Structures are given as C-alpha cells and as structure tokens.
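One structure below.
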Amino acid sequence: MSILVIGGAGYIGSHNVHALVERGEDVVVLDNLVTGHRQAVHPNARFYEGDLRSAADLDRVFSEQQIEAVMHFAAFSLVGESVVQPLKYFNNNVGGMQSLLEGMARHHVDRLVFSSTAAVYGEPERVPISEDDPKNPTNPYGESKLIMERMMRWAGEACGIRWVSLRYFNVGGALADGHIGEDHHPESHLIPLILQVPLGRRSHISIFGDDYPTRDGSCIRDYLHVMDLADAHIRALDYLKDGGSPLVCNLGNGQGFSVFEMVEAARKVTGHPVPAKVEGRRAGDPAQLVASSDRARTVLGWQPEAGIEEIIASAWNWHVQHPQGFGDRS
Ligand code: UDP
C-alpha cells in the first residue's frame, strides 16, 4: 500500500515525501508543477503530473496505485495574491478539496492529512493561539483553508473519511544535506528574502513595520523547521492508522521571534552584516502569531527540535548550494 502526496513537488510537500521515503513508505506524488519543481520529487517516489481538480487525473492515480492514505499539500499560499485574486484561491484550493474528497469517496480511501495554516485565525485575540480560539481569516487564502477544513469535517462525517488538519505557523529550513529546499517565484517569505542579501541578490532586507505593539516594534512569528513539520505529518498518519478520530492541531515551536531578531540570527549564521531598512507595514500582517502546540504534543507525541539558528543554517546551506533554486523558473 502507498501514501499519496498531493503537492509533493512543492516546498513542504517535497520535504514530507523525503521523510516518508526515509521511513520506508511507498510514496506516490501527484503535482501539477504550477508552483512545484520536478527535481524536488524524491527519485524513489512514483510521480504523476496532473491536477487535483481533474477527476480523471485522480481516478488514474487511485486506480493504478494502491493508496491507503493521502497527504494534501497542493494549494496556493500567497496571502497578498489571494487578496487581489480571491477567486483563483477559491477555485484551486476549495475546488481541489472538493475534487479530492469526491475522489477519495469514489475509491474508498478514508485517511487524509491536510496542510492548514495559522491564517485561519486572522488577528488573534491572544497568544499563544489554541485550536479552539476564534477563526476570523483576514485574507482569502486563510478563508480558503478554513473552508477546506470545514469541507473535510462535513464530508468526513458523511463519507467515513478520517482526517488530521495541521495548522502551521511559519515554516523554514531545508533538508540537512541541502539537496532540496525552498524555491518560490516570486519569493515573499522572510527567511529566503533575508538570505538573498548575503547571496548578493538584494542589497538589504526590508522590515515591514517597526511600530507594532511588540517588544521591538516588528512583527513576531513562530518559526518551525520543515523537517519537524514532516515529523508531525508522519505522526498524524500513524494516528489515523491507529483509528484516531478527526483532529485539528497547531504546529509551531511556541516561541515568537521578531523580524529584527530573525535578521540578527541570519547575521550570526552567515557572518554577513545583512543591512536592514525599515519600511511601512505590509497589509494584513497581524502583530503576533505564536502557536500553542500542546495538542500536537499530547495527542501526537510531537516535539519540535530545531531552533531558529538551525532553521536559518539549513536554509542557508540549501541556498549556497543552489543560488538559483532548482533553476527551472526565471
Ligand atoms: N517580513 C518583512 N520583510 C520581508 C518579508 C517579510 O519584514 O521582506 C515580515 C512580515 O511582515 C511578517 C514576517 O516577516 O511579519 C514573516 O513574513 P512571511 O511572509 O515569511 O510569513 P507570514 O507570517 O506572512 O506567513
């Protein structure tokens, strides 16, 4: 039996595929390569190029392979773009979930691990954020993921599909040997943008706002290593295999770092001065997002290991080895 990883050519998906293969799982990847990279897919995984929204593409995978469980990473995830093009997000993300649940029901596959986000909470009323706190997304991306969670809940009850939804906070880092890593076009995430400065690809890092009600005025986020995240996904698969009921878990380190602190950590890791310039706030950024991951610890037995310097160092290792990323996009 195999695990189907949808979006297994993307940043987070490809690291999860790697962790699954390392554990000895048989892995099948479905990815439309719109944002993913063919080279990121582990050579031992069987690759299908296809679109989740196509029933024919899904039927092909489900009928050719013996799929026991699905991990779903295939979604658009740029907050700013989602505000400008909300329907693109509802079409791809919500449409993809609809098609997946229908496909799983058609082929009697009943276990699903889903990649959700802290963006479902919107501006938090308190930190650390717990799973049952209010969910008021402030952008279509977060709204699309919240709708996807609710679709799983309703369809799961009706069709007997059991699921785990993992709400990630900020994810960074790369595989230890640096052969896969983060490569987005355009790049909008803080860690890879900071590292473009020592790589000589930008003159400075912009700090989006220093007037937030935080300890140094810049935004505070909870950064998690992508391989700690992969470990949580594998634990979620095991939880479902052992008969676990539907579950939502936050995933974060539980410690917040400001943008200034992240820049300082990158200076330490790279030995580069990394000039920074304070600019205006970026629309839609909450001041602080920090996770309570107590539920993941208790229910899944998950314990993240890497701190921010290890996250940044592994990302740096990848970028130094691949200054142009996978080199398949201009
Ligand atoms: N950020 C920044 N400069 C940049 C990119 C991001 O100051 O060039 C800030 C951003 O405002 C946020 C934090 O860094 O507070 C993390 O942003 P990212 O886009 O990596 O993740 P998000 O928290 O939006 O999911």
Side-chain angles (χ1 to χ4, degrees), residues 1-10 12-31 42 44-48 50 52-53 55 57-75 93-117 120 131 145-168 229-251 295-296 298-302:
M1 295 293 276
S2 313
I3 309 296
L4 172 61
V5 181
I6 304 178
I12 295 174
S14 62
H15 285 78
N16 273 270
V17 169
H18 191 93
L20 286 167
V21 171
E22 286 289 294
R23 182 168 110 132
E25 299 285 353
D26 195 74
V27 182
V28 175
V29 169
L30 173 69
D31 198 297
H42 196 290
N44 293 0
R46 284 188 298 292
F47 180 69
Y48 285 76
L52 172 61
R53 289 163 297 175
D57 287 359
L58 274 183
D59 283 346
R60 190 169 151 236
V61 179
F62 280 125
S63 48
E64 289 181 7
Q65 305 292 334
Q66 295 281 309
I67 305 297
E68 65 170 301
V70 177
M71 282 188 179
H72 178 20
F73 298 95
N93 297 2
V94 176
M97 180 61 91
Q98 163 106 24
S99 172
L100 175 61
L101 291 167
E102 287 169 348
M104 288 178 68
R106 265 197 315 281
H107 294 272
H108 311 290
V109 176
D110 65 357
R111 280 176 264 150
L112 173 60
V113 178
F114 172 56
S115 158
S116 189
T117 170
V120 300
E131 290 83 357
K145 290 262 171 152
L146 186 57
I147 295 170
M148 292 161 86
E149 284 192 357
R150 290 180 170 156
M151 291 167 78
M152 284 193 305
R153 179 156 66 87
W154 292 112
E157 271 175 30
C159 312
I161 295 172
R162 288 176 301 115
W163 49 270
V164 176
S165 183
L166 299 172
R167 293 183 184 148
Y168 323 154
L229 190 69
D231 177 49
H233 284 74
I234 288 178
R235 287 169 185 275
L237 270 185
D238 289 346
Y239 165 86
L240 290 173
K241 194 168 192 168
D242 293 344
S245 326
L247 176 72
V248 177
C249 285
N250 287 341
L251 296 180
R295 188 182 288 173
T298 314
V299 182
L300 301 179
W302 176 73

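Note that the coordinates shown come from a computational prediction; the quantities given were computed from them, not determined experimentally.
Side-chain atoms of Asn93 never come within 3.5 Å of backbone atoms of Ala75 as a donor-acceptor pair (strictly under, hydrogens ignored). Side chain of Ser14 to main chain of Gly10: a donor-acceptor pair is present (N/O by atom type, distance under 3.5 Å, no hydrogens or angles). Judged by distance alone, the side chain of Tyr239 and the main-chain N or O of Ser245 form a donor-acceptor pair under 3.5 Å.
No salt bridge links Arg167 with Glu131; every basic N to acidic carboxylate O contact stays at or beyond 4.0 Å.
Under the 4.5 Å side-chain criterion, counting only non-hydrogen atoms from C-beta, Leu52 is in contact with His72.
We find the CG-NE2 distance between Leu229 and His15 to be 10.5 Å, quoted to the nearest 0.5 Å. Note that CD of Glu102 is 4.5 Å distant from CD of Gln98, once rounded to the nearest 0.5 Å. To the nearest 0.5 angstrom, Leu112 atom CG is 4.5 Å from Met104 atom CE.
Centroid-to-centroid, the aromatic rings of His233 and Tyr168 come within less than 6.0 Å.
Neither side chain, Gln66 nor Ser2, offers a donor N or O lying under 3.5 Å from an acceptor on the other.
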Show, in sequence, the C-alpha distance, side-chain angles and deciding distance for Val28 and Ile3, and conclude whether the side-chain contact (heavy atoms from CB on, under 4.5 Å) test is met. CA-CA 6 Å; Val28 175; Ile3 309 296; over 6 Å; no
Could you check Asp238 against Arg23 for salt bridge (Lys or Arg N to Asp or Glu O under 4.0 Å), going step by step and ending with a plain yes or no? CA-CA 12 Å; Asp238 289 346; Arg23 182 168 110 132; 2.8 Å; yes
Derivation and outcome, side-chain contact (heavy atoms from CB on, under 4.5 Å), residues Leu4 and Glu68: CA-CA 8 Å; Leu4 172 61; Glu68 65 170 301; over 6 Å; no
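For Met148 against Val94, the heavy-atom pair with the smallest separation is CG-CA, 4.2 Å.
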